[in-house]
A.B. asks: 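Next up is a structure, given as structure tokens.
Just so we're on the same page: letters track the sequence lines, and every chain starts at 1.
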Amino acid sequence: MAPGYARRPPPPHRAPIAPVPPFTCGRVRWAVMIPPRDDSAAPPPGWPVTEAGALAVQDRLRDRVVLDEPGPEPGAPLVAVGVDVAYDDARDLVVAAAVALDAGTLEVLEEATAAGPVAFPYVPGLLAFREVPAVLAALERLTVTPGLVVCDGYGLAHPRRFGLASHLGVLTGLPTIGVAKTPFVFAYDAPGPRRGDSAPLLDGAEEVGRALRTQEGVKPVFVSVGHRVDLDRACAHVLRLAPRYRLPETTRAADSLCRRALAAG
DNA sequence: GCGACAG
DNA sequence: ATCTTGTCGC
């Protein structure tokens, strides 16, 4: 692991990943987040168990999304962290992975995983409630400080403008973006055929993200802002992280790791 | 009202 | 997401 990257002192379990104003979830106060419990990836006390409860949490947290920061400068030194999860519903098990890469060289700097019970059923628009607890636990186990978190799914491209990437950003305070493989419910025109070509991802007349061609002749990915990053930079980071394949290396590394961890455990 | 619907 | 055979290509 290359020296020169900022590190947080372990153990991180009692310390917030980043200074974020306290908020409450249900009746429970999360200083920023996740917490202690044991060292599992179980959802914290107060994690919603109903759709109505989850909708209420989204409604309460959505205005905490920060959209007026440009985010990390593409080309500058950056620790880009990919997060993803794999499931075994039969065993009520979810495994999350967080893989930190040097955004310049794509070298793997650090890997972490966390396993726990499935926190929520899959409901379109409420994906964060299923994935976030385990993802937070995996992020906490990294010792490098993420400069950008790349999520598998959406941020602002969400019916209530609060997808997984935005949710994770608000909870951690970290800059986040969403990279999805399918366009969810939004409309777009096919981007040009070359790598780097893009077209707006539209909710009516509102651009909620971008269909971005990362490889020539390959279908685009769908990029949206999560938290503390603008859309131009989000796309620039995705392009740089995907020099060879359709999906960014962050996503590929995290996907691979959580699947291996699920199969192993 | 019914279906579609990130992962 | 996950269930899954073979197949084309580097």
Side-chain angles (χ1 to χ4, degrees), chain A residues 41 43 48 51 54-55 57-58 62 65 82-99 113-138 149-170 176-188 200-204 206-212 214-227 231 234 238 243-248 250-265:
Chain A
E51 294 192 24
L55 290 169
V57 171
Q58 288 185 335
R62 51 187 290 178
V65 177
V83 294
D84 195 15
V85 301
Y87 300 96
D88 184 339
D89 285 294
R91 284 191 291 164
D92 186 36
L93 187 63
V94 52
V95 175
V99 181
T113 62
V118 177
F120 205 83
Y122 172 66
V123 179
L126 300 178
L127 182 62
F129 295 92
R130 184 169 171 80
E131 305 207 336
V132 159
V135 167
L136 288 173
V149 180
V150 181
C151 301
D152 211 330
Y154 282 118
L156 287 189
H158 178 274
R160 293 167 293 281
R161 303 292 178 272
F162 198 67
L164 169 64
S166 297
H167 200 140
L168 187 65
V170 166
T176 61
I177 64 175
V179 180
K181 298 179 285 295
T182 63
F184 203 11
V185 296
F186 301 107
Y188 68 101
L201 188 63
L202 298 172
D203 186 0
E206 184 180 354
E207 183 178 32
V208 295
R210 217 165 267 167
L212 175 67
T214 55
Q215 297 298 320
E216 179 156 356
V218 175
K219 62 183 179 178
V221 297
F222 302 91
V223 179
S224 61
V225 166
H227 182 63
L231 186 54
V238 170
R244 162 117 211 213
Y245 297 101
R246 179 188 178 220
L247 295 177
T250 39
T251 300
R252 290 165 43 79
D255 180 76
S256 167
L257 178 57
C258 68
R259 290 190 199 215
R260 277 180 282 129
L262 182 65

A.B. asks: K181(A) has an atom NZ; how far is it from atom C1' of dT2(C), in whole Å?
C.D. replies: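 Answer to the nearest Å: 13 Å.
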A.B. asks: Separation of R130(A) atom CZ from dC5(B) atom C1', in whole Å?
C.D. replies: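 From R130(A) CZ to dC5(B) C1': 14 Å.
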A.B. asks: Please classify the nucleic acid contact of G178(A) as base, sugar-phosphate, or nothing, using heavy-atom distances under 4.0 Å.
C.D. replies: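 Counting heavy atoms under 4.0 Å across all strands, no contact is made by G178(A).
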A.B. asks: Please report, rounded to the nearest Å, how far the C1' atom of dG7(B) is from the CG atom of L168(A).
C.D. replies: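 About 14 Å, once rounded to whole Å.
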A.B. asks: Under 4.0 Å, counting only non-hydrogen atoms across every strand here, what does D84(A) touch: a base, just sugar-phosphate, or nothing?
C.D. replies: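 Touches sugar-phosphate only.
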A.B. asks: Could you state the atom-to-atom distance from CD of Q58(A) to C1' of dA6(B) in whole Å?
C.D. replies: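 Computing the Q58(A):CD to dA6(B):C1' distance gives 12 Å.
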A.B. asks: Given dC5(B), is OP1 or OP2 found less than 4.0 Å from the side-chain N or O atoms of T182(A)?
C.D. replies: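 No.
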A.B. asks: So if I take every side-chain heavy atom of F184(A) and compare against dT2(C), dG7(B), dC5(B), which nucleotide ends up nearest?
C.D. replies: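 The answer is dC5(B), which lies nearest to the side chain.
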A.B. asks: Runs of at least three consecutive Watson-Crick or G-U pairs, both distances under 3.5 Å, are what I'm after; which ones involve DNA chain C?
C.D. replies: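 Runs of three or more consecutive pairs: none qualify.
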A.B. asks: Between Y188(A) and E207(A), do the side chains contain a donor N or O and an acceptor N or O under 3.5 Å apart?
C.D. replies: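 There is no such pair between these side chains.
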A.B. asks: Pick base, sugar-phosphate or nothing for Y154(A), based on heavy-atom distances below 4.0 Å to the nucleic acid.
C.D. replies: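 If one applies the 4.0 Å heavy-atom cut-off, Y154(A) turns out to touch a base.
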A.B. asks: Quickly work out the Y245(A) OH to dG9(C) P distance and round it to whole Å.
C.D. replies: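 Atom-to-atom, Y245(A) to dG9(C), this comes out as 16 Å.
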A.B. asks: Mind calculating the distance between NE2 (H158(A)) and C1' (dG7(B)) to the nearest angstrom?
C.D. replies: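 Between C1' of dG7(B) and NE2 of H158(A): 12 Å.
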A.B. asks: Verify the distance criterion only: is there a donor paired with an acceptor across the side chains of Q58(A) and R160(A) at less than 3.5 Å?
C.D. replies: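 Distance-only check passes for Q58(A) and R160(A).
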A.B. asks: Figure out the CG/P separation between L247(A) and dA6(B), and round it to whole Å.
C.D. replies: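 Interatomic distance, CG of L247(A) to P of dA6(B): 15 Å.
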A.B. asks: Can a salt bridge be assigned to the pair R130(A) and D89(A) using a cut-off of 4.0 Å between side-chain N and carboxylate O?
C.D. replies: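 Yes, R130(A) and D89(A) are salt-bridged.
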A.B. asks: Is the closest basic N to carboxylate O distance between K181(A) and D152(A) below 4.0 Å?
C.D. replies: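 D152(A) and K181(A): salt-bridged.
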A.B. asks: Check every strand shown and say whether R244(A) touches a base, only sugar-phosphate, or nothing at a heavy-atom separation below 4.0 Å.
C.D. replies: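 The residue R244(A) makes no contact with any strand.
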A.B. asks: Scan A86(A) against the nucleic acid and name what it touches under 4.0 Å (heavy atoms): base, sugar-phosphate only, or nothing.
C.D. replies: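 Since only primed, P, OP1 and OP2 atoms lie under 4.0 Å of A86(A), the category is sugar-phosphate.
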A.B. asks: Need one value for L126(A): base, sugar-phosphate or nothing, where a base atom within 4.0 Å counts as base even if backbone is also close, heavy atoms only.
C.D. replies: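 Since a base atom lies under 4.0 Å of L126(A), the category is base.
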A.B. asks: Would you say the side-chain atoms of R252(A) and S256(A) include a donor-acceptor pair closer than 3.5 Å?
C.D. replies: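 On atom types as modelled, these side chains do not qualify, holding no pair under 3.5 Å.
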A.B. asks: Grab the CG-P distance between D152(A) and dA6(B) for me, whole Å please.
C.D. replies: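 After rounding, the reported distance stands at 12 Å.
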A.B. asks: Report yes if the ring of Y122(A) lies under 5.5 Å from the six-membered base ring of dG7(B) with planes under 30°, and no otherwise.
C.D. replies: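 Aromatic stack with dG7(B) present for Y122(A).
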A.B. asks: If you round to the nearest 0.5 Å, how far is CG of L231(A) from CG of L212(A)?
C.D. replies: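 Answer rounded to 0.5 Å: 9.0 Å.
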A.B. asks: Hey, could you give me the CG/CG distance between L168(A) and L136(A), rounded to the nearest 0.5 Å?
C.D. replies: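 One finds 5.5 Å between CG of L168(A) and CG of L136(A).
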